[in-house]
2 protein chains.
Amino acid sequence: MSPARVDTGAPTALLERAMDILGCFDPKHSALTLTQIAEITKLPMSTCHRIVGTLEQGGFLSKGSDRKFRVGTKLWTIAQHAPLSERLRESALPTLARLYEETGENVTLAVLDRGQALYVDRLVGERSIPTISRAGGHLPLHTTGVGKVLLAYQPEKAIEQYLATPLTRPTPQSITQPDALRKDLAEVRKNGYSITRQEMTRGSGSVAVPIMRNGRCVAAVGVIVHLNRLDVNRLVSTLTDAAASIAAELDGH
Amino acid sequence: MSPARVDTGAPTALLERAMDILGCFDPKHSALTLTQIAEITKLPMSTCHRIVGTLEQGGFLSKGSDRKFRVGTKLWTIAQHAPLSERLRESALPTLARLYEETGENVTLAVLDRGQALYVDRLVGERSIPTISRAGGHLPLHTTGVGKVLLAYQPEKAIEQYLATPLTRPTPQSITQPDALRKDLAEVRKNGYSITRQEMTRGSGSVAVPIMRNGRCVAAVGVIVHLNRLDVNRLVSTLTDAAASIAAELDGH
DNA sequence: TCAGAAACTTCCATCACATGAAACTTTAGT
DNA sequence: ACTAAAGTTTCATGTGATGGAAGTTTCTGA
């Protein structure tokens, strides 16, 4: 008789722990000491030490001379073969570069990931304003230009599901009423672009358009500008061209 | 009495296997079925299945509708916090974009990784020629523009160690004689830039310059062009400016 | 449409390997 | 030099990984 396998919901514990450890590395923690990792993951030091050591051997982490661990080149290399990098980023980069040159503004490329906008790439220069978005970062769908586009082109069901969860409010201008957002999204679908005005950051606005493929919105491109430089018509036209160019590049492969 | 722990050289087997599985994803295999993974890693199907399942749950892999696995967004997100992305790529991208616009040629950014040139980024357009280098890919040091720069600025000892291993020869023009390479590297250090002519790919050449920080060469930028368009003087000057600009951006943070 | 094969998934008895408290060593701070 | 904190090693214990085999689904071709 099997001795009452309790099934605490913790099988493959080791692997899950290892993934937790790697998950510690986020925008706020790009370099961590062993102790910090143990604290965040709540793992015993010795266990943590062993796992981190193995990850380091495999090149998934690397230890600096400051005794801090960072994400290793092996992990980075593997990640470059994610569809996100291989297809999207690679295809979009030249166009984004042109877009950046033409506008001189912050340019971002994002996809939908787990109910948030995942920034695949962004180009920021001295001329442009500082932003929160960063490559590899997640931001809410309803407060960003690219996010609203990504959400607008989702199936009805997914939209309602998103609206069912409480909507965060980073600024007073953020849209947090489900009905107001539904209206806004309908507008986005009608126009083919989204606009935000101080919905994420005070003083800046954004315009974004979808990148369509086979009738589905696979990504969104947007620019973030100072509110008083928000020339919607010009930006929409430039962005639409860029989106078409990226879509063509995606099909070209 | 411990029953003669054999220590077959396979401790933390599970984690190592998981890393092996992730390592299957390379430029030639960006999408793999479970069976393919099992074949490559030589793991039993059932074991492979379980590990892959856990990795998928953690978002490190994702299964497409074609039953193939790809690198997941979680892994990709973590990788964006590698110093490679966070510091280097992010700082260099606007400059690379400008470089690409100015030259219209293939632009690459690389660092030294495990005795090879690791391509951190590249910009390729329709106007430029196809290349083998790709973001996340590795190429030899002695046959590429960026590679020769990275090698030239290494300590003597590291250079000799590299020369001690047999030098591959992708084309007849590749430098494979240690003495010839030593001479070439000295030239690179003297001039502050490297030139290749058909040493990696027939018909194309390249120019590359170092990105210096605190007297150390932390990366290299280069362009790859058709042999008959190889205007060394112009490219060197443009590249040197770009390298200085990236170095400034790196310090700025 | 259906049979057969290939790919994938589940099961479970066995024991190898991960576990983590404790002891030990190294590093940083005063 | 001394002390505290961070990091590393050890080892008895039993949990949880293992993988062959059996079951299920999906694909292929006639």
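In what follows, chains are A, B, ... by sequence order, proteins preceding strands, each numbered from 1. The structure displayed is predicted, hence computed values, not measured ones.
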Rounding to an integer number of Å, can you tell me how far [X] [atom1] sits from [N] [atom2]?
| X | N | atom1 | atom2 | value |
| --- | --- | --- | --- | --- |
| B/Leu15 | D/dT18 | CG | P | 11 Å |
| B/Glu16 | C/dC17 | CD | P | 11 Å |
| B/Met45 | D/dT26 | CE | P | 15 Å |
| B/Glu39 | C/dA7 | CD | C1' | 11 Å |
| A/Leu43 | D/dA6 | CG | C1' | 17 Å |

Single hit among B/Arg70, B/Lys68, B/Lys63 for salt bridge (Lys or Arg N to Asp or Glu O under 4.0 Å) with B/Asp66
B/Arg70

Using a cut-off of less than 4.0 Å, is there contact between a side-chain N or O of [X] and OP1 or OP2 of [N]?
| X | N | answer |
| --- | --- | --- |
| B/Thr47 | D/dG19 | yes |
| A/Arg50 | D/dG7 | no |
| B/Arg17 | C/dC17 | no |
| A/His49 | D/dG7 | no |
| B/Lys63 | C/dT9 | yes |

Determine whether a donor-acceptor pair (one donor, one acceptor, N or O, separation below 3.5 Å) exists between the side chain of B/Ser46 and the base of D/dG20.
yes

Test: A/Asp121 and B/Arg89 ion pair at under 4.0 Å
yes

Have a look at B/Arg67 and say if it touches a base, only the backbone sugar-phosphate, or nothing, with a 4.0 Å heavy-atom cut-off.
sugar-phosphate

